[in-house]
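The structure displayed is predicted, hence computed values, not measured ones. Throughout, protein chains are lettered first and strands after them, A, B, ... in sequence-line order, and every chain is numbered starting at 1. Keep in mind that the numbers below use all heavy atoms, side chains included, and drop hydrogens, waters and symmetry copies.
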Amino acid sequence: MASYVLSRSLQTVLTLFVMSILVFTGLYLVGNPVDVLLSTTATPAERLEVIQALGLDKPVWEQYWLFLVKALSGDLGNSFVFNQPALTLILSRMPATLELAFVALAMALVIGVPLGVYAGIRPKGLISKSIMTFSILGFSLPTFWIGLVMILLFSVQLGWLPASGRGETTDLFGVPVSFLTWDGLSHLILPAINLALFKISLVIRLTRTGVIECMQLDFVRFARAKGLPETRIVLVHVLKNTLIPLITVVGLELGSLIAFAVVTETIFAWPGMGKLIIDAIGRLDRPVILAYLMITVVMFSLINLLVDILYSIADPRVRLEGKPQ
Amino acid sequence: MPRPVLSISNLNTSFRVGGEWMNVVRDVSFDIAPKETVAVVGESGSGKSVTALSIMRLLSPANSRVTGRMDFDGKNLLDLPLDEMQKVRGNRIGMIFQEPMTSLNPVLKIGRQITEVLVQHRGMSHADAEVEAVRLLDRVRIPSARSRLNEYPMSFSGGMRQRVVIAVALACSPKLLIADEPTTALDVTIQAQILELIKTLQEEEGMSVLFITHDMGVVAEISDRAVVMYRGEAVEAGTTQEIFANARHPYTRALLSAVPQLGSMTGTSKPMRFPLVDLATGEAAPLKETADTIKTGRYPILKVENLVTRFNLKSGLFGRVSGRVHAVENVSFSVREGETLSLVGESGCGKSTTGRSIIRLTEAKEGKIEIAGKDVRRARKSDLVAIRRNAQMIFQDPFDSLNPRVRVGSAIAEPILTHGLATQKEASERVADLLERVGLSAAMADRFPHEFSGGQRQRICIARALALEPKLIVADESVSALDVSVKAQVINLMLDLQEKLGLAYLFISHDMAVVERISHRVAVMYLGEIVEIGPRASLFENPQHPYTKRLMAAVPIADPVRRHLRRISNDEIRSPVRPPDYVAPKRTYREVSPDHFVQVSDP
């Protein structure tokens, strides 16, 4: 176990290193942030001053070297735009995105798994077919369009729920969250549903396929021959086997929920990381982009590690270190 | 006669296939008396398993229909509502299935899979159920039962899993146990253990057993009465003695004559064909004398010296070698032209790895292999192509070894064309000729594999192997997946081809009875080593090594008069996995009689 975590950590460090080189050279090729930062009326002297202040006068490899040295001591540089540490900037926005992502994930599981199980047990029933039609819609309708329609319907027409912002937040263990107050919760509902819709569909489909496959296996037949009632067969024998592939996919999807909630955050003006990164890219704010991507890489690695560990718990046949059985 | 435990009358089962109802079990009637064992025997597609599933009502009601009467405990099982039926299943009637590897849920602990039955049917508390589960595991002779409750099925071997399955089926002391091919997937010594276990438990519990099997040997060993099924009908029923002594139905006679019987070849030295019985008349066709095929005096077609094949098991951060599978350890033998040498042994003994190493599908670690005088292990790629022309392989599963999207004609022609031996036109003539040779017709070349039965496919695989006119064929469990009567035909075909083409076979098999029929010489493998090798007659009539004896004692004999499965040790088949610093001990062999060698030190 320990050596497994260690080797995974080494892989992550290597990924971070390669990624930072790619981003550095990539952004260097795209354009000069000074052009974006300064107004067109700036004098050459002002310009030179800014370039020197940001360290952009040095050759790119030296800039990278300086970044690397600082990064090793935990300093990912100051934002070109806000002149604050990039890391602090991102971390201040992170709780909002995390909350949104986790609520969406919870919705995906709480709604998706039961519907998927139902559709898997009676694949030919009318309700199952309706569930599957819904999931096709959830898959194929673009997120931004659904978001806009939801705002039109629930905020503008019916006036039930607010269309933007995060509402009132309370501190939970020092982290601001929305879901503990009614105002915050009402702000959370629409964006969370919007973000969850695609995932719900995905979970429904995965669960359904898993259940259908599993129902045909020998041990289900044996469980029936044991005289177990159908509910126990489905809830204990089948579901636990179905969860195994689900864990992998859901884990990866959680990563993408957090890292790429950009569209939903933009539509609902949710003050999360997604909006920050879009702005940073527009302004070529290199430290922020780099810090964001590094956090994303670390997060993905952590989630993957977690998935692997969960997977080995759910499926006793999987051993993390590849030991002979 | 006492009142039967289960009385089946006019059982009819149909399946809906593409909108049409197909009758797979027709008018089957039989009774099972208290404490009696009834065997239902038949080949694949005979409807024997469907009969068992019909009794338990385990067929999906959406696309199957069961009619007739099945009286059990004074009630017709077919009339019971589902919740009543669930109280019968696992409680009054226990059932075990063929595949122990898949009958248990892989992600639930063994203990839980046993206790859930007890909680369900006997209303036990969880704690009580756990105590009872330990007792049940003890009863099916699983050592250190208490600690094994918390393990998952993957840490149990096939035989041990089948014991767990039996423990589950017997948890509520059922009146009837339905066993659907419970030993078919197991090795022969393990099969003998499980059969004995079922018999002992039956006596202790006083229950009846319905035993579904394709194996006449198992029928003879275990059953009081037998029902023979053929294409959905019960063609013959009677006491086991009666059926074996004077079968009336032609099919039963055909089935019995095709059963390889260990010990039936005493006094002969050459391989022998199976007598084939006409299914309509029940008459046996006259048996042809087997010609002498071995060509002596020339160098052997295959010579293996000190072959070693090992696989590393790696673990940890740097993939350190934590152990090795000693799959083949210091194996030497030779095969002459026109000769059949059988490698026989149980799973994990290294017989298949030996076969694969010879054709270099697996790289050997040490040793020397010569095919027709050419060194295989040192051969470069171009030479290897030429060597493989002389040595072809036939695999176990005729369903997996043919590409479903390639017409069989092209599949057979492919090696001819790849080796550049003929033009397209000549190749298709060769294909036609080969198909005729293996007993199919030339017109079949345009068909796809799914249009053939298992036996026909294996014939196609043989035709493909023959396409390059090899001198040696490595047949890896080539007849194991086939039904008894088909198996007999394919073996007869292999003997015919040996006679006509002078082929040498390296016949890899776990089935002692088939091996006795087909071989000139036999090598018994155990844990990667040859423990005994010699002429078939000498080895079968005078087995020397304890493992050979054990293997032979475990084979069920298709003769109810000679029931012989007695106390067989409860040993598991050992694993050839060794620590990395393991050094294989030096082995010496003793010559028992001319050419018959037995390993001296015990492995």
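For the pair A:Phe222 and B:Val165, the minimum side-chain heavy-atom distance is below 4.5 Å.
Neither the backbone nor the side chain of B:Ile178 has a heavy atom closer than 4.5 Å to any heavy atom of chain A. When heavy atoms are compared at a cutoff of 4.5 Å, B:Gln98 does not approach chain A at all. Residue B:Met95 touches chain A through both its backbone and its side chain, counting heavy-atom pairs closer than 4.5 Å. Contact annotation for A:Leu217: neither backbone nor side-chain heavy atoms come within less than 4.5 Å of a heavy atom of chain B. Heavy atoms closer than 4.5 Å to chain A are found nowhere in B:Val88, neither backbone nor side chain. In this structure, chain A has a heavy atom under 4.5 Å from the side chain of B:Leu58, while its backbone stays farther away. The part of B:Gln120 that comes within reach of chain A is its side chain, from C-beta onward, which places non-hydrogen atoms under 4.5 angstrom from that chain. For chain A, the nearby part of B:Val168 is the side chain; its heavy atoms alone come within less than 4.5 Å.
Side chain of A:His237 to backbone of B:Leu108: no donor-acceptor contact under 3.5 angstrom is found.
The most heavy-atom pairs under 4.5 Å with chain A, out of B:His121, B:Gln86, B:Glu116, come from B:Glu116. In terms of heavy-atom pairs under 4.5 Å with chain A, the best-connected choice from B:Ile93, B:Leu82, B:Leu104, B:Ile96 is B:Leu104. Interface summary for chain A: among B:Asn105, B:Val117, B:Thr102, the most heavy-atom pairs under 4.5 angstrom belong to B:Asn105.
Annotation: the span from A:Arg221 atom CZ to B:Ser60 atom OG amounts to 12.5 Å, rounded to 0.5 Å. Distance check: B:Leu118 CG to A:Lys226 NZ gives 10.0 Å after rounding to the nearest 0.5 Å. To the nearest 0.5 Å, atom CE of residue B:Met56 and atom CZ of residue A:Arg224 are 12.0 Å apart.
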